[in-house]
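Notes for the one structure printed next.
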Amino acid sequence: MPSDLPAAVLFDMDGTLVDTEGLWWQATAAVAESLGGALGPEDEPHVLGRSVEDTAAHLAPADAGAVAARLTDAFAERLATGIDLVPGALDLLRALTAAEVPTALVTASPRNIVEQVLPSLGGHRFDLVIAAEDTRRGKPYPDPYLKAARLLGVRAEECVAIEDSPTGIAAATAAGCRVVVVDPRSGLPELGAMSVS
């Protein structure tokens with residue numbers, strides 16, 4: 001493996017590999033409406049890139065557990081209608097496999113949602129999956145990225161994190177990763193952009 005490649009590439013899932021942020025927003029808006037509220041731009045930091053539990057606590061602090069289950073169900077229903085890949089996702093995953101660069105999925109989504117999404121990623125097998133349940137604190141804290149690096153046996157500073165949301169960018173930056181910010185409409189960069197030298 002060329003020395004200028006990262007020790008590992010750590011991928012967020014929603015909005016970086018799969019274009020599902022809109023589906024998550026729709027699911028959250030539907031649950032918020034059922035609770036008598038409505039989502040607006042001011043809610044984005046509490047919804048996009050956050051765990052189900054964080055979003056549920058934002059919508060209904062007194063009943064967050066039940067609301068989290070409703071959010072997960074509403075999101076899963078929307079995923080079942082079809083998952084769009086971010087342009088370049090499969091190409092980058094294949095290039096990383098060919099270059100023998102370890103990959104990890106580091107997501108704020110719960111594991112049952114991850115299991116629903118993984119089949120859409122062309123059979124790519126991540127070396128590690130860190131889901132919402134796997135750390136006590138999720139994004140924007142660095143814990144998920146630090147745990148991924150530790151379990152892969154590398155330093156976070158040697159890793160590239162692929163993120164799209166301010167919450168995820170904050171988490172990866174706090175962990176010390178080099179961060180590549182993705183706009184789902186523009187797509188993922190090629191392997192050559194992963195250099196850490």
Side-chain angles (χ1 to χ4, degrees), residues 9-33 38-41 43-52 54-56 68-98 101 103-133 138-140 144-145 148 160-172 179-194:
V9 177
L10 314 177
F11 287 90
D12 175 50
M13 185 176 75
D14 300 298
T16 56
L17 290 170
V18 289
D19 192 5
T20 54
E21 291 285 10
L23 298 179
W24 173 239
W25 184 266
Q26 291 170 23
T28 304
V31 172
E33 186 176 346
L39 292 186
D43 295 297
E44 288 184 13
H46 306 283
V47 175
L48 299 181
R50 299 304 291 253
S51 71
V52 172
D54 287 342
T55 300
R70 290 175 60 191
L71 284 167
T72 300
D73 290 345
F75 189 37
E77 287 173 11
R78 284 160 177 80
L79 290 174
T81 66
I83 298 171
D84 293 326
L85 296 179
V86 170
L90 294 184
D91 291 338
L92 180 55
L93 291 172
R94 289 184 190 116
L96 290 165
T97 298
V101 175
T103 58
L105 195 62
V106 182
T107 177
S109 290
R111 193 162 292 274
N112 65 323
I113 294 295
V114 173
E115 297 297 334
Q116 191 173 352
V117 170
L118 283 176
S120 69
L121 295 175
H124 181 78
R125 296 182 64 85
F126 290 93
D127 295 275
L128 178 68
V129 173
I130 301 293
E133 301 91 335
K139 302 172 186 180
Y145 280 106
V160 168
I162 311 289
E163 273 288 356
D164 71 310
S165 70
T167 302
I169 294 165
V179 183
V180 174
V181 180
V182 172
D183 179 335
R185 294 163 296 184
S186 302
L188 285 161
E190 295 181 356
L191 181 57
M194 301 289 103

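Nothing fancy with the numbering, it's 1 onward along the sequence.
- The line from CG of Leu105 to CZ of Arg125 is 13.5 Å long, rounded to the nearest 0.5 Å.
- Between Asp19 and Arg185 no salt bridge is recorded (no basic side-chain N to carboxylate O distance below 4.0 Å).
- For the residue pair Thr20 and Asp14, a side-chain donor N or O sits within less than 3.5 Å of a side-chain acceptor on the partner.
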Please report the C-alpha distance between Leu128 and Val106 in whole Å, then the side-chain angles of each, then the deciding distance to 0.1 Å, and finally whether the side-chain contact (heavy atoms from CB on, under 4.5 Å) criterion is met. CA-CA 8 Å; Leu128 178 68; Val106 182; over 6 Å; no
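- Judged purely by distance below 3.5 Å, without hydrogens or angles, the side chains of Thr55 and His46 never pair a donor atom with an acceptor atom.
- In terms of heavy-atom proximity, Val52 sits nearest to Ala68 at CG1-O, 3.3 Å.
- Pairs of residues two or more places apart, or lying in two chains, that qualify as ring pair (Phe, Tyr, Trp, His ring centres under 6.0 Å) and include a residue from residues 68-98 are Trp24-Phe75.
- The environment of CD in Glu190 is sparse: at most 12 heavy-atom neighbours from other residues, nucleotides or ligands sit within 6.0 Å.
- Using a 4.5 Å cut-off on side-chain heavy atoms (C-beta onward), Leu17 and Val86 make no contact.
- Counting heavy atoms from C-beta outward, Asp164 and Glu21 have side chains that approach closer than 4.5 Å.
- Residues Leu85 and Ser120 form a side-chain contact, since some pair of their non-hydrogen atoms from C-beta on lies under 4.5 Å apart.
- Using a 4.5 Å heavy-atom cutoff, the side chains of Asp12 and Ile162 are not in contact.
- When side chains are defined from C-beta on, Lys139 does not count as touching Arg50, because their heavy atoms never get closer than 4.5 Å.
- Side-chain atoms of Val18 and Leu121, non-hydrogen and from C-beta on, do get closer than 4.5 Å to each other.
- Here Thr81 contributes atom OG1 and Leu79 contributes atom CG; the two are 7.5 Å apart, rounded to the nearest 0.5 Å.
- Enclosure of atom CD in Glu33 is not indicated, since only 12 or fewer non-hydrogen atoms of other residues, nucleotides or ligands lie within 6.0 angstrom.
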Stepwise side-chain contact (heavy atoms from CB on, under 4.5 Å) test for Thr28 and Leu71: CA-CA 6 Å; Thr28 304; Leu71 284 167; 3.8 Å; yes
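- Between Thr72 and Ile113, the shortest heavy-atom contact is O-CD1, 4.0 Å.
- For the pair Leu188/Pro87, no side-chain contact is recorded, criterion being any heavy-atom separation below 4.5 Å from C-beta on.
- Salt-bridge check for Arg70 with Asp73: failed, with every basic side-chain N at 4.0 Å or more from each acidic carboxylate O.
- Atom OG1 of Thr103 and atom CZ of Phe126 lie 5.5 Å apart (nearest 0.5 Å).
- Here Leu118 contributes atom CG and His124 contributes atom NE2; the two are 9.5 Å apart, rounded to the nearest 0.5 Å.
- Nearest heavy atom pair, residue Ala148 against residue Ile130, reads CB-CG1, 3.9 Å.
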Candidate pair Val179 and Tyr145, rule side-chain contact (heavy atoms from CB on, under 4.5 Å), full reasoning: CA-CA 11 Å; Val179 183; Tyr145 280 106; over 6 Å; no
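- Put simply, the side chain of Thr107 does not reach to within 4.5 Å of the side chain of Phe11, judged on heavy atoms.
- For Gly49 against Ala108, the heavy-atom pair with the smallest separation is O-CB, 3.8 Å.
- Rounding to the nearest 0.5 Å gives a distance of 8.0 Å between CG of Leu23 and CZ of Arg78.
- Between the side chain of Gln116 and the backbone N or O of Ala76, at least one donor-acceptor pair lies under 3.5 Å.
- In this structure a side-chain-to-backbone donor-acceptor pair under 3.5 Å is present from Glu133 to Arg111.
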